[in-house]
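Report on the following structure.
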Amino acid sequence: MSFQTDLLNHIPIDPLTGAIAVPIYQTSTFAQEAPGVNKGFDYSRTNNPTRQILENLGAKLENGAAAFAFSSGMAAIDAVIKRLESGDEIVAVADIYGGAYRLFEKVYAKFGIRTRYVDTSDLEQVKAAITADTKLFWVETPTNPTLKITNIPAIAALAKQHGILLCVDNTFATPVSQKPLDLGADLVVHSVTKYLAGHSDVIAGLVVAKTEELGREIKFYQNACGTGLAPFDCFLTIRGIETLKYRFQAQADSAWKVAQFLEQHPAIEQVYYPGLPSHPGHELARKQQKSFGAMLSFHLRDDTCESALALVQRLQQFILAESLGGIKSLVCLPCEMSHKTLPAAARAQAGIRDSLIRLSIGLEETEDLIRDLDEALSPLFNKKISNHIPIHS
Ligand SMILES: *Cc1c(COP(=O)(O)O)cnc(C)c1O
């Protein structure tokens, strides 16, 4: 049976009523027949029927033993870090999501958990950062916003060799494109807010564990800290996951064409998209991803914040906003927005220039997006070129 069919089969018909859509069990507590005798649910912080269906779906999506839904991507990341103890160390990807950086540096550092940031696409840098206290590798691949690719099987082998756990933030790739647990990772986290939910209408997170044992640990923190996802948000997320594959494929196809257009544009210095042969991670992405994804970024020849800002303001089809992965195309200036919490030096280390512009490609028609970009870029070059450039598909 194909994966998508199997996935849809994991969404049960409601046994009580035959409802096709998953019911929203908006209840805090459940009647008990006798003390401790119940139908598998006693309190919604601990377990809720709507959440349980989403969590089964999450485990299925990533081929994990168990999955847990959280009130945000950050709460999901937080549950993984809570496994660590004072004195433990993390080796994390340098161009890390800004919120994860803030969590590691402003929350966990004061509890004695230290993080070393390296370019995880270079295994030698990862090796050099390992100490006797390293307990966790934290990887995003592709990264945000320069789409660097880390070799998951290689870093997983290194982790095993040193008894270190590997967690991959799979938000950008989605399980449609890449399944880190199959490639050797121990844990996967998602900002479900992005592609999995997919409609910019919910904040949610997911942790998927490769083993039952790791799953029990994550479940413990979800319950102990009260960070589980609310029933209505679980419902929205389930509905998003039902169409994830087709949304993501269409968005990725469009992104590939937009990337080709931008790469040939004379006002643009460089495009970061793993589907382009010019991208340093292209060959690796071909191997470990099924799709190059729907995120891309670029910087201008005129590498100033003012130019980038003016360009972004000329765009009509791209909404200036944080976040990504929804059905509407978004544009973001990482240095002013998503990565503002990173100090300038960390931004430079991560290759985030002043004029770097990040696009999240949505479900609008590709030609409309390209025309919009062309018009917005034309003052930087004095003419439009979209009519003259053949876009190969
Ligand atoms: C958005 C994002 C997060 C945080 O998720 P929230 O749902 O906003 O809490 C974590 N990692 C990546 C890669 C993200 O893009």
Side-chain angles (χ1 to χ4, degrees), residues 54 58 62 67-82 90 92-108 115 117 120-121 136-150 152 167-175 177-178 180 185 187-208 222 225 227-230 233-234 236-237 240-241 244 248 251 272 274 289 293-297 321-326 330-334 337-342 350 352 356 358-362:
L54 168 59
E62 289 285 9
F68 303 95
F70 290 86
S71 57
S72 68
M74 289 315 305
I77 295 172
D78 182 63
V80 173
I81 307 305
K82 282 201 177 101
I90 305 168
V93 61
D95 34 357
I96 190 167
Y97 177 71
Y101 179 83
R102 180 174 52 202
L103 183 73
F104 295 177
E105 295 307 310
K106 302 276 161 132
V107 181
Y108 284 102
T115 308
Y117 301 90
T120 55
S121 70
L136 181 67
F137 285 164
W138 191 271
V139 170
E140 294 173 29
T141 179
T143 59
N144 178 16
T146 57
L147 291 306
K148 280 200 186 129
I149 309 293
T150 291
I152 299 177
C167 182
V168 176
D169 181 334
N170 206 29
T171 301
F172 269 44
T174 83
S177 169
Q178 159 179 293
L187 290 159
V188 165
V189 301
H190 276 281
S191 171
V192 166
T193 312
K194 317 294 168 51
Y195 289 104
L196 267 54
H199 294 73
S200 307
D201 54 7
V202 64
I203 299 284
L206 197 70
V207 179
V208 191
Q222 184 198 45
C225 305
T227 46
L229 189 61
D233 293 347
C234 291
L236 286 173
T237 302
I241 289 173
L244 169 66
F248 189 73
Q251 288 170 248
Y272 303 92
Q289 297 174 210
M295 294 300 299
L296 58 103
S297 62
E322 296 282 4
S323 198
L324 59 110
L330 303 182
V331 60
C332 161
L333 282 181
M337 296 165 71
S338 59
H339 290 65
K340 206 174 173 143
T341 47
L342 248 69
I352 300 167
L356 194 79
R358 189 187 80 180
L359 302 179
S360 169
I361 303 298

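In listed order, ligands and their atoms are each counted from 1. We're numbering straight along the sequence, starting at 1.
Remark: S191 pairs with T171, T193, K194 by the side-chain contact (heavy atoms from CB on, under 4.5 Å) rule, at least two apart or across chains. By the side-chain hydrogen bond (donor to acceptor under 3.5 Å, both in side chains) test, T143 is found to be paired with D95, residues two or more places apart in sequence or in another chain being considered.
For the ring-ring contact (aromatic ring centres under 6.0 Å, His included) criterion with W138, the lone passing option out of F104, Y117, Y108, Y101 is F104. When each of T141, V168, V139 is paired with P180, the side chain to side chain contact (heavy atoms under 4.5 Å, CB included) condition holds for V168 and for no other.
At a threshold of 4.5 Å between non-hydrogen side-chain atoms, the residues H190 and E62 count as touching.
Within the structure, salt bridge (Lys or Arg N to Asp or Glu O under 4.0 Å) pairs that include any residue of residues 138-148 comprise D119-K148 (at least two apart or interchain).
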Any protein N/O atoms within less than 3.5 Å of an N/O atom in ligand 1? List the atom names and distances, or say none.
{"from": "ligand 1", "atom 1": "5 (O)", "to": "S191", "atom 2": "OG", "distance (Å)": "2.9"}
{"from": "ligand 1", "atom 1": "7 (O)", "to": "G73", "atom 2": "N", "distance (Å)": "2.9"}
{"from": "ligand 1", "atom 1": "7 (O)", "to": "S191", "atom 2": "OG", "distance (Å)": "2.8"}
{"from": "ligand 1", "atom 1": "7 (O)", "to": "T193", "atom 2": "OG1", "distance (Å)": "2.6"}
{"from": "ligand 1", "atom 1": "9 (O)", "to": "G73", "atom 2": "N", "distance (Å)": "3.0"}
{"from": "ligand 1", "atom 1": "9 (O)", "to": "M74", "atom 2": "N", "distance (Å)": "2.9"}
{"from": "ligand 1", "atom 1": "11 (N)", "to": "D169", "atom 2": "OD2", "distance (Å)": "2.7"}
{"from": "ligand 1", "atom 1": "15 (O)", "to": "K194", "atom 2": "NZ", "distance (Å)": "2.8"}

